[in-house]
Every structure is written in C-alpha cells, then in structure tokens.
2 protein chains.
Amino acid sequence: MDRAALSDVLPRLPIGALSRRTGCNVETIRYYERAGILPHPARSEGGHRMYGTAHVMRLGFVRRARELGFTLDEVRALLRLVDQEDHACVEARELAARHLQAVRARLADLQRMESVLAGMIECCGGSVRPECPLLETLFDGGEVEGKSCSGEA
Amino acid sequence: MDRAALSDVLPRLPIGALSRRTGCNVETIRYYERAGILPHPARSEGGHRMYGTAHVMRLGFVRRARELGFTLDEVRALLRLVDQEDHACVEARELAARHLQAVRARLADLQRMESVLAGMIECCGGSVRPECPLLETLFDGGEVEGKSCSGEA
DNA sequence: CTTGCACCTGTAGTCACTACAGGTACCATA
DNA sequence: TATGGTACCTGTAGTGACTACAGGTGCAAG
C-alpha cells in the first residue's frame, strides 16, 4: 500500500464530513492543523477546507494513537517516522515501549489509589465510631490497609 | 480530637516552613488560597502569610485527597463536610464511592491501552515484514489481539 | 434569490498547577 | 545600626489537549 499515492484522491470533503468520518470534533481538527499534526488542506474558492483520503487516514492514525494515550508530541514523532520512506520500525518500537512504561507507571498509581479508596470506603461503611473514619484517614494520613478498621476503643 | 481547638496554636509559620512541613509547593499553597481551598491566613506586619497548626492539618488533608486523585472540586466538597459539626459520614462515603468508580473506569481504560500497546510492541519486535506492523496497526485500526502477528504471505 | 446551515477566524476558558518578573520584608551577622 | 542575602509579595502568563464561544461569510437547496 503506497499511502502517498492516495494523496489527491477525493479531495473534496469539507471539515464536517471529515469529522463525521473520523469521529473527530471539527474544532479538534482545526486545532490539529494549528498544532502541526495535520497538514494545511486545500481550500475552496470561498476559503473552506477541503480534505482528501490522505487526510482521512492521517487523522485516523492520530485518533488511534491518542486513544492509546500517546501525547501529541509523541504523535508528531510517530508521524515523522511515517513520513520517512523507510518506516524506521525500530524507532517506532522504542517510542511505543517508552510510552508503555509511562502507561504502566500510571496504572500502578491508579491501582494504589483504587485499593486505598476501596479500603477507606469499606472501613467507613461498617463504622460505629463517632467520627467519620474516611475523613479521619485523610486527616492523619493513617494507613487503611492492614488496619483493624473496626476501631479500637 | 477537636480540630477547631487547635486553630490558633503556633500561628507563626511562614509559607516556606508550611511548604517544607507538608511537602506542598509554595506556589501551590498560594494557589489553594486563591482557589478557596485554604482559608486566608493571618499576616505579619509586613504582609507575610503566617500559618498555624490548623493550616498544617488542612493542607495535609488536601494533599492526601489529591494523591488519591480527588479533583479540587471534590476536595472542596470533602472540606465542607469536615467543616460541618456533624461530619456527614454518609456523604463523604458517597463522594468517595463516586470517585472510586471514576478511578476504576480510568483503570479499565489504561488496562486496555496497556494490552494493545504490549501486543503491538511484541508484534513489531519479531517482524520480518517490509512495513512496520506497529505503524500499520495505527493506520488501519486492525486489532492486535488475536491476530497472527507473524504476518501472512 | 432567499434561507439556513456549515464553515471561517480569533480569542478565551478548562484543570491544577508552575514559572516567571519586578519589587518588598525579614533576620542574622559585622 | 547598617547591610546583605534570602524569603516573601503580587500579578501575569504558560502548560496540554482540547472546547466553546462571538461575530462574520460561503454554499447549496428550494
């Protein structure tokens, strides 16, 4: 598949149609153009943006990368690799691997949050203590995990 | 523990000391004041902010809540509950439970990202195909999971 | 030829900070 | 008491990735 060869096919999609086709907000498409993610499209006589198949594909690429949590900077880097003739597979892999590390770090963070929150809520639910143990925990920074939870004295 | 009773003890901490004690950035402390999270502290003759024990505790509360991923709006709501005499345990629990749901949703998102990314990277690593399968996947939106990965033809 | 929608540009708002610039207070030492 | 080096002050602007206007113009169907 030579993607460059598709560049000028169907160059008459206005921005709303591109939006519907890709599921990407109109404002976001214009933003991506300003941000250097999408190239400036052709314009109609009256100044309306006119897109072709190449744009549809590129925007699809961007959307999928964003859904995987790549930042726009990372997306720009991926697009640079795409735009080279030899697709620099190794670099793409490295970029993705670094991103995967970041995702896993965030995942670990969230898992910690999840368990602390779940513990606090459970603790609070069965409470017969005068003060709210949930708010207490936030106040004194006490560990929820491994604590008796029913309260002593 | 009556927290209100501690309000005026040790009211002579300047912002840098509060920062060191709580691990919260000086700029962030001032931001929290502007944002209505922390009350306006007393001032020295020359206009420097002077904090007491109550502020130390409140800021600790805010920090811990933020670390659990509560938004500042949620933190404000939690603080309102704290500031009521009857600590409204049920409401705190509901707030935390809603937040836990959000955390779990985000967790599920990230887990999906993680598995797709890991799959893409694995696929790319063993590639003998001409094009980069990682970039290809981003282009055509093909599923990585359950695909042969070694390439056919 | 008119109507009404789609499109245009440019700017400002979101969230939770962070980073200045340009100026003043505080406090320890000489 | 003078001085010097911090620590502090206010106000504004920047971050990322959009989103939401306001106020104006193009386009295509009837």
Side-chain angles (χ1 to χ4, degrees), chain A residues 11-38 40-52 55 58-59 61-79 99 102-103 106 109-110 113, chain B residues 11-38 40-52 55 58-59 61-79 99 102-103 106 109-110 113:
Chain A
R12 301 264 84 207
L13 281 177
I15 199 166
L18 180 61
S19 170
R20 260 167 272 126
R21 233 171 241 225
T22 57
C24 187
N25 206 327
V26 166
E27 318 266 17
T28 305
I29 296 172
R30 286 197 281 251
Y31 169 73
Y32 284 163
E33 186 182 333
R34 279 201 306 286
I37 296 279
L38 292 180
H40 298 294
R43 297 284 185 140
S44 72
E45 301 257 308
H48 288 199
R49 288 168 181 83
M50 288 299 165
Y51 296 97
H55 286 101
R58 198 175 181 90
L59 186 50
F61 182 99
V62 173
R63 293 273 297 164
R64 278 182 284 276
R66 289 290 300 127
E67 272 163 24
L68 291 174
F70 286 101
T71 65
L72 282 191
D73 262 355
E74 288 169 333
V75 172
R76 262 184 283 264
L78 287 170
L79 287 169
H99 176 57
V103 167
R106 183 80 188 111
D109 276 358
L110 273 174
M113 289 182 202
Chain B
R12 301 263 82 206
L13 281 178
I15 199 167
L18 180 61
S19 170
R20 260 167 272 125
R21 234 170 239 226
T22 57
C24 186
N25 207 328
V26 166
E27 318 266 19
T28 305
I29 296 171
R30 286 197 280 251
Y31 168 72
Y32 283 163
E33 186 182 331
R34 280 201 306 285
I37 296 280
L38 291 180
H40 299 294
R43 297 285 184 140
S44 72
E45 300 258 308
H48 288 198
R49 289 170 180 83
M50 289 299 165
Y51 297 97
H55 286 102
R58 199 176 180 87
L59 185 50
F61 183 99
V62 173
R63 294 273 297 163
R64 278 182 284 275
R66 289 290 300 127
E67 272 163 22
L68 291 174
F70 287 100
T71 65
L72 282 192
D73 261 356
E74 289 169 332
V75 173
R76 263 184 282 264
L78 286 170
L79 287 170
H99 177 56
V103 167
R106 183 81 187 111
D109 276 359
L110 273 174
M113 289 182 202

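In what follows, chains are A, B, ... by sequence order, proteins preceding strands, each numbered from 1. None of these values were measured; they are calculated from a predicted model.
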Q) Can you check whether Leu79(A)'s main-chain N or O pairs, donor with acceptor, with Arg58(A)'s side chain at less than 3.5 Å? A) no
Q: Please check if the side chain of His55(B) supplies one atom and the backbone of Leu18(B) the other of a donor-acceptor pair under 3.5 Å.
A: no
Q. Do the side-chain N or O atoms of Ser44(A) get closer than 4.0 angstrom to the phosphate oxygens (OP1, OP2) of dC27(D)?
A. yes
Q. Salt bridge or not for Arg64(A) and Glu67(A), using N-O below 4.0 Å?
A. no
Q) Within the structure shown, what part of the strands sits under 4.0 Å from Arg43(A) by heavy-atom distance: base, sugar-phosphate, or nothing? A) sugar-phosphate
Q | Arg66(A) side chain, from C-beta outward: closest of dC27(D), dC18(D), dT19(D) | A | dC18(D)
Q. If you look at every heavy atom in Thr71(A) and Arg66(A), which pair is closest and at what distance?
A. CA-NH1, 3.9 Å
(Q) I need the CD1-P distance between Ile37(A) and dG16(D), as an integer number of Å. (A) 12 Å
**Q.** Non-hydrogen atoms of Val26(A) and Gly16(A) that approach each other most closely
**A.** CG2-CA, 4.2 Å
Q: Work out which heavy atom in Tyr32(A) is nearest to a heavy atom in Val62(A); give both atom names and the distance.
A: CE1-CG1, 3.7 Å
Q. 5'-most contact on DNA chain D: Arg30(A) or Arg49(B), nearest heavy atom basis?
A. Arg49(B)
Q.
Using whole Å, what does the distance between atom P of nucleotide dG26(D) and atom CD of Glu45(A) come to?
A. 11 Å
Q: Identify the two heavy atoms, one from Ser19(A) and one from Cys24(A), that lie closest to each other, and give their separation to 0.1 Å.
A: OG-O, 2.8 Å
Q.
If you assign each of Glu27(B) and Gly16(B) to its closest nucleotide in DNA chain D, which residue comes earlier from the 5' end?
A. Gly16(B)
Q: Considering just the side-chain nitrogens and oxygens of Tyr32(A), establish if one lies under 4.0 Å of OP1 or OP2 belonging to dC18(D).
A: yes
Q) Listed in order of residue number, which residues of residues 68-78 of chain A have a non-hydrogen atom at under 4.0 Å from DNA chain D? A) Thr71(A), Leu72(A)
Q) Between Arg30(A) and Glu33(A), is there a salt bridge with N-O shorter than 4.0 Å? A) no
Q) Does anyone know the first and last nucleotide of DNA chain C in reach of chain B, 5' to 3', at under 4.0 angstrom to a heavy atom? A) dA16(C) to dC26(C)
**Q.** Nearest heavy-atom neighbours spanning His99(B) and Phe70(B)
**A.** NE2-N, 3.4 Å
